[in-house]
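Atom set for the values below is all heavy atoms of this structure, side chains included, hydrogens, waters and symmetry mates excluded.
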Amino acid sequence: MPPSRCHSRPAIIPVLFKSLFRMPSAAFIDNKRAVAALFQQALFSAYPALQQDEAPFAIEVEKPKNPDHGHFAVNSALQLARKLGAKPRDIAEAIVAALPASDLITGKPDIAGPGFINIRLAASAETRVVPAIFAAADEFGKSTDGAGKKVMVEFVSANPTGPLHVGHGRGAATGDTLARLLETQGWNVSREFYYNDAGAQINNLGLSVQARLREKAGIDAAFPEDGYRGQYIVEIAERYAAENPADAKGENFDAVCKFAVAALRHEQDLDLKAFDVQFDVHYLESSLYTDGLVEKTVEHLVRMGHTYEKDGALWLKTTDYGDDKDRVMRKSDGTFTYFVPDIAYHVTKWERGFGRAITELGADHHGSLARVRAGLQAMQMGVPQGYPDYVLHQMITVMRGGEEVKISKRAGSYVTLRDLIDEVGRDATRYFFVMRKSDSQLTFDIDLAKSRSEDNPVYYVQYAHARICSVLAQWGGDVASLRGADLSPLTSKYESDLLRAMADFPELLAAAARELAPHLVCVYLSDLAAKLHSYYNAEKFLVEDEKLKLARLALILATRQVLKNGLAVVGVSAPEKM
RNA sequence: GCCCUCGUAGCUCAGUGGAUAGAGCAUCCCCCUCCUAAGGGGAGGGUCACACGUUCGAUUCGUGUCGAGGGCGCCA
């Protein structure tokens, strides 16, 4: 296991405490809460009876998507219309009339449409986010809600039977971004890779390599029917023969298997490193057998009484826990089915102190979800019912030359993760995989990604960052001096849009982590970049008016910080030049 | 047949219990004597698959139908 991450882990704790004291990102959220509190007060003063309810009505403040509707909107008048037996607009009038004076809000709230109350913040409240960003810097947007609790994110978990393909790439990008997201929320995250290095697949791998060795040695041998036909098998065979001249025919089957697995694991590790994905732990399925955990798990399940013997096999009554049919645990030939080590593995997650675990899988494995959960419940060892959380990513359709490329290890047709990283670039590949909701299918057009890489959305976001760097460089002043800039000249629509978008960042990260939805970060970044580009084209930053210039530079400096922080969550670089 | 996910612009995809459903690409028209045009502004393009229900309000929630993908083996 790579030690680097393990060593860096303890550093999280002081960071948490530091940010707790600073509360860097609380500024704008407080605006929202303060507005809610004002309206709560107004509501109870206009309708005192509401306060007497056992569950008093709570004001909800939301952000309207249409900017013409102000910074915040309150829809309580609509929600209360029936209960109060009054027209929504009349209720809204009464609430607004009862509103206490406050320097938070500018002007009188509008009553619009069917009964929305639209609120505009005072400029001083709006710009508060900028100094908050400067103070928190790389920590802006983070939260301590996770309280340092342990969570494991298991992802990729490819069998060591071939190179990583595009599907693994999607899993790697999704899982790693999830891990980064949880870290922003103060969780103590461990990234884990589970190797299915036991069982029929490995046997099959060994047979495939062996067949190529025999071919090489001029022995007429049939290639295994379900064998792996990829070119990489031939290469492994060649290397095996070169490094083991005494066994050029591959008669030592165990040695061939070990060699092939080691070679493929090494390749996979290199690919993941190139993708900037690092694991804390690589867990070997084979160790579950050698450590006796599979046997132990089976014995425990039998003792708990959710098993039975039938047709010479041992069955687990997964139907007791919501599965649609019972599952065989031990086959009539005495070997275990794959889902037994799966359960044993998840038991170790719980026993290793992970109160929360997230398993990132391709959707083609979703069948294992109900079985593993059922198995954990049948263990009756206090594991919560929904353990572990699952994030499934849908299949990828790969297009090349206008035609679909069928991904098949056995047939040998392949687009590897390495191909994408080499041809499209790490940043673009990661961004592309994360920008789509993981449970919708995505089409990866290789030609488009390669030949028109400038159309890739990641450049749009990175360009915004680079543009800001360029402006600041031309200004040539001391960036630190912008920290205390007077922000009152920031009054345009573009400036207000940027301020509001940046103030949303902490909530966005919290929501993306809560929903286990990394793509929301990309959606956000793309939106923030668009606001910067619009601003750039509409206004000049390096203007004569010194006060205005410094205010604008402070604003884009803050924007650069938020872009950088967001890109870091997705694992994409923030270049200073492009 | 049963289970899971999805169905939103020509294409690839976001989004939401609320006000006029968005972006990129593609098509068309504009914008660099000016901080990077890898950019911006504008036009066209939609029965949010369909039906019924819940709701003051449904594209969003529920049920059903249709369509796409995946899973349903003593394979992993």
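Closest approach of A:Leu264 to A:Gly162, counting heavy atoms only: CD1-N, 3.6 Å. Pairing each heavy atom of A:Phe433 with each of A:Val166, the nearest pair is CZ-O, 3.5 Å.
The side chain to side chain contact (heavy atoms under 4.5 Å, CB included) search around A:Asp254 returns A:Asn252, not counting sequence neighbours. Every salt bridge (charged side-chain N to carboxylate O under 4.0 Å, His left out) that A:Glu154 has, sequence neighbours left out, goes to A:Lys349. Residues satisfying the salt bridge (charged side-chain N to carboxylate O under 4.0 Å, His left out) test with A:Asp439, not counting sequence neighbours, are none. With sequence neighbours excluded, no residue satisfies salt bridge (charged side-chain N to carboxylate O under 4.0 Å, His left out) with A:Lys108. Contacts of A:His69 classified as side chain to side chain donor-acceptor pair (under 3.5 Å), with partners at least two apart in sequence or in another chain: none. Here A:Asp326 pairs with nothing under the salt bridge (charged side-chain N to carboxylate O under 4.0 Å, His left out) rule; sequence neighbours left out.
Listed in residue order, the members of residues 326-338 of chain A having a heavy atom less than 4.0 Å from RNA chain B are A:Val328, A:Lys331, A:Ser332, A:Thr337, A:Tyr338.
Rounded to a whole angstrom, the distance from the C1' atom of B:rA49 to that of B:rU59 is 12 Å. Going from the P atom of B:rU65 to that of B:rA23 covers 36 Å, rounded to whole Å. To the nearest whole angstrom, the two C1' atoms, one in B:rG15 and one in B:rU8, are 9 Å apart. B:rG69 and B:rC56: their P atoms are spaced 41 Å apart (whole Å). The same atom, P, is picked in B:rG39 and in B:rG44; the two are 23 Å apart, to the nearest Å. The separation of B:rG46 from B:rA14, taken at their C1' atoms, amounts to 15 Å, rounded to a whole angstrom. Rounded to a whole angstrom, the distance from the P atom of B:rC75 to that of B:rU60 is 44 Å.
Here A:Asp364 lies in heavy-atom contact (under 4.0 Å) with sugar-phosphate atoms only. Counting non-hydrogen atoms under 4.0 angstrom, A:Lys325 reaches the backbone sugars and phosphates but no base. Residue contacts shown for A:His519 are limited to sugar-phosphate atoms, with no base heavy atom under 4.0 Å away. Within the nucleic acid shown, A:Ala112 comes within 4.0 Å of at least one base atom, counting heavy atoms only. Using a 4.0 Å heavy-atom cutoff across all strands shown, A:Asp445 reaches no nucleic acid atom at all. Using a 4.0 Å heavy-atom cutoff across all strands shown, A:Glu60 reaches no nucleic acid atom at all. In this structure, A:Leu520 reaches the sugar-phosphate backbone alone: every heavy-atom distance under 4.0 Å involves primed, P, OP1 or OP2 atoms, never a base. At a threshold of 4.0 angstrom between heavy atoms, the contacts of A:Gln79 include nucleobase atoms, whether or not backbone atoms are also involved.
Taking atom CZ of residue A:Phe433 and atom C1' of nucleotide B:rU12, one finds them 15 Å apart after rounding to whole Å. The nearest whole Å value for the distance from the CG atom in A:Leu508 to the C1' atom in B:rG15 is 13 Å. The nearest whole Å value for the distance from the CG atom in A:Leu442 to the P atom in B:rC25 is 19 Å. The distance between atom CD1 of A:Ile91 and atom P of B:rC56, rounded to the nearest whole Å, is 13 Å. The separation between A:Leu84 atom CG and B:rC56 atom C1' is 13 Å, rounded to whole Å. Taking atom CZ on A:Phe432 and atom P on B:rA14, their separation rounds to 11 Å, with Å as the unit. The distance from atom CE of A:Met435 to atom C1' of B:rA23 is 9 Å, rounded to the nearest whole Å. B:rC3 atom P lies 18 Å from atom CZ of A:Arg373, rounded to whole Å.
The glycosidic torsion of B:rC48 lies more than 90° away from 0, which places this base in the anti conformation.
Of the candidates B:rA14, B:rA19, B:rC74, the closest approach to any side-chain atom of A:Val523 belongs to B:rA14. Across B:rC74, B:rA76, B:rC35, the shortest atom-to-atom separation from the side chain of A:Ser470 is found for B:rC35.
Within the structure, every pair that satisfies the salt bridge (charged side-chain N to carboxylate O under 4.0 Å, His left out) test and touches residues 508-533 of chain A, not counting sequence neighbours, is listed here: A:Asp527-A:Lys531. The side chain to side chain donor-acceptor pair (under 3.5 Å) analysis of residues 546-556 of chain A, with sequence neighbours excluded, yields the pairs A:Asp486-A:Lys547, A:Glu495-A:Arg552, A:Glu539-A:Arg552, A:Glu546-A:Lys549.
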Check against ring pair (Phe, Tyr, Trp, His ring centres under 6.0 Å), A:Phe541 and A:Tyr535
CA-CA 9 Å; A:Phe541 305 144; A:Tyr535 184 31; 4.9 Å; yes
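Side-chain atoms of A:Asn118 and base atoms of B:rA19 include a donor and an acceptor less than 3.5 Å apart.
The side-chain ring of A:His69 is stacked on the base of B:rA19, judged by centre separation under 5.5 angstrom and plane angle under 30 degrees.
Below 30°, between 30° and 60°, or above 60°: for A:Trp315 and A:Tyr308 the angle between ring planes is below 30°, a parallel geometry. The aromatic rings of A:Tyr345 and A:Tyr194 lie parallel to each other, with less than 30° between the two planes, well short of the 60° mark.
In this structure, A:Lys87 places its NZ atom where only 12 or fewer heavy-atom neighbours from other residues, nucleotides or ligands lie under 6.0 Å away. Within a 6.0 Å sphere centred on CD of A:Gln385, heavy atoms belonging to other residues, nucleotides or ligands number 12 at most.
Between A:Leu532 atom CG and A:Asp497 atom CG the span is 12.0 Å, to the nearest 0.5 Å.
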Within the sub-3.5 Å range, which N or O atoms of nucleotides 58-62 of chain B have a protein N or O partner, and how far apart are they?
none

What is the per-nucleotide protein-contact pattern of nucleotides 40-45 of chain B, from the 5' end, where B denotes a base atom under 4.0 Å from a protein heavy atom, S denotes such proximity for sugar-phosphate atoms only, and - denotes neither?
SS----
Heavy atoms under 4.0 Å is the rule here; annotate nucleotides 6-11 of chain B 5' to 3' with B where the base is hit, S where only the sugar-phosphate is, and - elsewhere.
S-----
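One finds a side-chain N or O of A:Tyr536 lying less than 4.0 angstrom from the OP1 or OP2 phosphate oxygen of B:rA37.
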